[in-house]
Amino acid sequence: MYDPQALQAKWLPRWEESNPFAASEDPADPRPAKYMLDMFPYPSGDLHMGHGEVFAIGDVIARYWFQKGYNVLHPIGWDSFGLPAENAAIKRNAHPAEWTYANIETQANSFRRYAISFDWSRRLHTSDPEYYRWNQWLFNRFFERGLAYRKGGLVNWCPNDQTVLANEQVVQGRCERCGAVVVRRELTQWYFKITDYAERLVDDMESLDGWPERVLTMQRNWIGRSTGADVRFQIEGREEPVTVYTTRPDTLFGATFFVVAADAPLAAEICAPAHREALEAYRAEVAKLTDIERLATDKEKTGVFLGVYAINPVNGERIPVWAADYVLSDYGHGAIMAVPAHDQRDLDFARKFDLPVQVVVHTGMADPGETGVATPGEGSLVNSGPLDGLNKAAAIAKIIEILEERGTGRATINYRLRDWLLSRQRFWGTPIPIIHCPDCGEVPVPDDQLPVTLPDLRGEALAPKGISPLASATDWVNVACPKCAGPARRDTDTMDTFVDSSWYFLRYVDPAYTGGPFDVERIRKWGPIDQYVGGIEHAVLHLLYSRFFTKVLYDMGMVDFTEPFLRLLNQGQVINRGKAMSKSLGNGVDLGEQIDSFGVDAVRLTMIFAGPPEDDIDWADVSPAASQKFLARALRVMSEVTSPVGADPATGDLELRKITHRTVDEVTRLVDTNRFNVAVARVMELTTATRRAIDSGPGAGDPAVREAAEALAVMLSLVAPYAAEEGWERLGHAPSVALAGWPTADPALLVRDSVTCVVQVAGKVRDRLDVSPDISDADLESLALASEKVQPYLSGVPRKVIVRAPKLVNIVP
RNA sequence: GGGGUUGUGGCCCAAUUGGCAGAGGCACAUGACUUAGGAUCAUGCCGGUGCGGGUUCGAGUCCCGCCAGCCCCA
């Protein structure tokens, strides 16, 4: 009777004929605009269970907005540059485009079957030259503004992927993509100056009240704003003082030694000749270590004395200068003042090398020099001259005043955020549109010569060799300088694919636009995105970069908003038997197979009904078969209605009408607040109520039954479009139910003529009264006190009576 | 180690934000229909909310301390 595959075969072609979910660009369209966006997929094979969940969730929201009468933009595209395509191409001796575009077609077909309400006319792929041309155009704008620049330095290198990585792409010392342990290399690379926007990236988070708190926290931690001071230390024998950054300038009197990052150029520069050999040996050791090893707090501290002394600017004390690996060359200035009494790492180091420990904050804890436990907490200052007796805040203010007076320091804000390293030594990405000319230097490819397309390389030519495969395409590399026409070479690196995804949501307003990366007029209408749905794994990658791009584009006058995503929903993972699905565990569940077995609607319903969207779904705990049964039940109810289309519901059964309208009211609120699983539960209840009305109530011909069934069809259409469409047709309507309009609850049918009031005595329920919903406190109290069931528990006048009309009376005897 | 978050029937999950702990589903049991039932319809079943304290007339909900899981940062 319920054959989901037959319904799919019946309805899909009909929907395909039109583009029913096309967003209207007609300025006369009176509907308010809404922009619903799912994070676009990477085309690695077919859609998987995770896609099934995200897109089911996003589609509920988009379809709800369609039903509510908004002009909805719900586009789809592909994040189609990236390493897997390249690796596949090497393996098959093919071009990455072949694998990529074949997978895109596969996914597009799966999306169609999965019945997501996309506007297919706006489809884009980031690997199309028409798209990445605009990456290059934007790069040129960033370059002009000084926001794209090249510099040398230590960078993160993934030995497996054979390319550099941005800091954000190193997670716990490992490559975010492949998990290989990242090493440090000295290389010249391109960067985006995201640090210029650090302050705004933090401050603007205030306005992101539609974002999950944990994502905001992660971004705040990542940007890592701290307030402290820069303090200038003279190094004996060096003209220029060395600046250190500290968050605890109040402990300056407790600085007993000075540490320079072993791999910082400064270490080699200031090292006394007698210690040079030791330093070189040490640096060689450190170079072998990964960042994970370097920063592990339980690691034995190592370091070498450099044979020179620094002068503490506040008390003139000579303190020894050491090189160590626990100081990183790219944090602050690559050097620190060490205050062992109040910092555990400094203390560990001091104890290892017998350096003095000077307590300057009296915290009430035992002496760190004795216990080996540093006391980082607050207290009153001691042994600190003018700071003695002050608390932390006052001491910081005072010391900064002193430092500024003497010109040896100042208050500073420091960020942990580093500039975004964007060049990659791989093929399948956007070529960096720079030409290196021996005379003119770095020359951007003129806008009218964009795009710089990729040379035609395939198979073995793409194999990673530590430099970009583009370098081997000599015809491509050697060009005339756009400025002086002399011989020059193209930059052979490609852009991080996170550049592609930093602005794709703007391009959707007109993916064929040729006047710029996006139509600035149209984006005024659609932007910013009302709801963004995607995985938590992008909390500090894509989402941070997109926010940065949006702010730059705002400064360029191209968008009129400073934050791209008003509301963010991070769906959970689909797991199986308590664990992430993986080949090695053999617990994978295939989306296509689930759909073949249970139908699209049942799979979508299972995803939505399983729990709150943010929670993980354990596929072993849910039942697509049960979802299928429910859909059959709902469809039967819709099929059994015998009253004619247009039957006046006002003449129908009042009890069922009340249930229908109450359900509509509740489901509306639930969908508005993303509580889709509860909304489904309410729809199930309405289905049961309608079933009963048909079987043992007013019967299938009652207009209220039609009203209920129609509401059911529309509400169900958010989750189960095929069954809803079929039901809608059986109810005598023309397609499509998707655009039928959201039902509205009649307030008159929401009022209850009586409610149950609970009467408690000392918190225990002793009676229930049927009362009018607008009963007064006084009436209710006397009614409750008069109750026969309550009397036995009372002795005399109660001490207190709490009345919460009309629902509760609590008598304290 | 620091921060965040979660903990409710056998299982997945609700609970108007301080007011009757139970909506929905799974599983299980019983009955009806039936040639048959793994279909359908109906009925039923089980817990006092991780543990310990506190605030309150009243705590799943708020506060404090522990335990466990998950996620970030070290």
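Protein chains get the first letters and strands the later ones, always in sequence-line order, with residue 1 at the start of each. Atoms considered below: every heavy atom in the structure, side chains included; atoms not considered: hydrogens, waters and symmetry mates.
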In whole angstroms, the gap separating C1' of B:C72 from CD1 of A:Ile223 amounts to 14 Å
A:Asp618 atom CG is separated from B:C26 atom P, nearest whole Å, by 18 Å
- Below 4.0 angstrom from OP1 or OP2 of B:G24, is there any side-chain N or O of A:Asn677? no
Looking only at atom C1', what distance separates B:C62 and B:U55, rounded to whole Å? 8 Å
Whether A:Arg220 contacts B:G3 is assessed here as follows: a side-chain N or O lying under 4.0 Å from the phosphate OP1 or OP2. Is that the case?
no
With syn meaning chi within 90° of zero and anything else anti, the base of B:G69 is anti
Its glycosidic angle compared against 90° from 0, B:U8 adopts the form anti
- Query: With a non-hydrogen cut-off below 4.0 angstrom, is A:Gln760 in contact with a base, only sugar-phosphate, or nothing?
  - Reply: base
Mark yes or no for a side-chain to base donor-acceptor pair under 3.5 Å between A:Arg804 and B:G19, with no hydrogen or angle criteria applied. yes
Worksheet item: Taking only N and O in the side chain of A:Arg675, is any of them less than 4.0 Å away from OP1 or OP2 of B:A15?
Response: yes
Using Watson-Crick geometry (N1-N3 plus N6-O4 or O6-N4) or G-U wobble (N1-O2, O6-N3), each under 3.5 Å, B:A21 is paired with none
| said: Can you confirm whether A:Lys352 is buried at NZ, in the sense that more than 12 heavy atoms of other residues, nucleotides or ligands lie under 6.0 Å from that atom? | reply: yes
Against the side chain of A:Arg636, the closest entry in B:G4, B:C12, B:U40 is B:U40
Between NZ of A:Lys629 and C1' of B:G24 the distance, given in whole Å, is 14 Å
Across every strand shown, the nucleotide meeting Watson-Crick or G-U wobble geometry with B:U16 (both distances under 3.5 Å) is none
Quick one: are A:Leu208 and A:Arg547 in side-chain contact, heavy atoms under 4.5 Å?
yes
Walking RNA chain B from its 5' end, the first of A:Ile802 and A:Thr756 to be reached, judged by nearest nucleotide, is A:Thr756
Review point. Within the side chain of A:Arg604, is there an N or O that forms a donor-acceptor pair under 3.5 Å with the backbone of A:Val719?
Key: yes
Could you give the distance separating B:G25 and B:A42 at their P atoms, to the nearest angstrom?
10 Å
Which of B:A14, B:G24, B:G19 is nearest the side chain of A:Pro612? It is B:A14
Taking a pair to mean Watson-Crick or G-U wobble geometry with both distances below 3.5 Å, B:G65 pairs with B:C51
The Watson-Crick or G-U wobble partner of B:C41, with both key distances under 3.5 Å, is B:G31
* Distance between the C1' atoms of B:G48 and B:G7, in whole angstroms? -> 15 Å
Heavy-atom nearest nucleotide on RNA chain B taken for A:Arg633 and for A:Val758; more 5' hit belongs to A:Val758
- Task: Using the P atom on both, measure B:A15 against B:A68 and round to a whole Å.
- Result: 28 Å
Worksheet item: Among side-chain atoms of A:Thr688 and A:Arg633, is any donor-acceptor pair under 3.5 angstrom?
Response: yes
### Task
Just say parallel, tilted or perpendicular for the rings of A:Trp420 and A:Tyr545, cut-offs at 30° and 60°.
parallel
Is it the case that B:C57 (base atoms only) and A:Asn810 (side chain only) share a donor and an acceptor within less than 3.5 Å, ignoring hydrogens and angles? yes
A:Val622 has its side chain closest, among B:C41, B:A23, B:C12, to B:C12
Subject >> Backbone N/O of A:Asp672 and side chain of A:Arg675: donor-acceptor pair under 3.5 Å >> reply: no
(Q) Please give the distance between the C1' atoms of B:G53 and B:G47 as a whole number of Å. (A) 23 Å
### Message
Can you check the distance between B:U5 and B:A59, where both ends of the measurement are the P atom (answer in whole Å)?
### Response
24 Å
| message | When the P atoms of B:C71 and B:G10 are compared, how many Å lie between them, rounded to an integer? | response | 27 Å
Taking B:C26, B:G24, B:C41 as options, the one with an atom nearest any side-chain atom of A:Ala626 is B:C26
Rounded to whole Å, CD of A:Glu176 lies from P of B:C73 at a distance of 12 Å
When both distances are under 3.5 Å in a Watson-Crick or G-U wobble arrangement, the nucleotide paired with B:C70 is B:G4
Here the distance between atom P of B:C73 and atom CD of A:Glu168, to the nearest Å, is 11 Å
Between the base of B:U16 and the side chain of A:Lys807, is one N or O donor paired with an acceptor at under 3.5 angstrom? yes
A:Glu213 atom CD is separated from B:U5 atom P, nearest whole Å, by 8 Å
Exercise. Verify the contact: side-chain N or O of A:Arg692 to OP1 or OP2 of B:A42, cut-off strictly under 4.0 Å; return yes or no.
Key: yes
From CG of A:Asp621 across to P of B:C11 the rounded distance in Å is 10 Å
A:Asn570 atom CG is separated from B:G4 atom P, nearest whole Å, by 19 Å
inquiry  = Would you measure the distance from the P atom in B:G3 across to the matching atom in B:C57 and give it in whole Å?
reply    = 33 Å
Testing B:A42, B:G19, B:A14 for proximity to the side chain of A:Val678, the answer is B:A14
(message) Is there a side-chain contact between A:Arg416 and the phosphate of B:A74, meaning an N or O under 4.0 Å from OP1 or OP2?
(response) yes
(message) Salt bridge check, A:Arg657 against A:Asp702: does any charged N sit closer than 4.0 Å to a carboxylate O?
(response) no
For the aromatic rings, using the six-membered ring if either is Trp, is the centroid distance between A:Tyr532 and A:His542 under 6.0 Å? yes
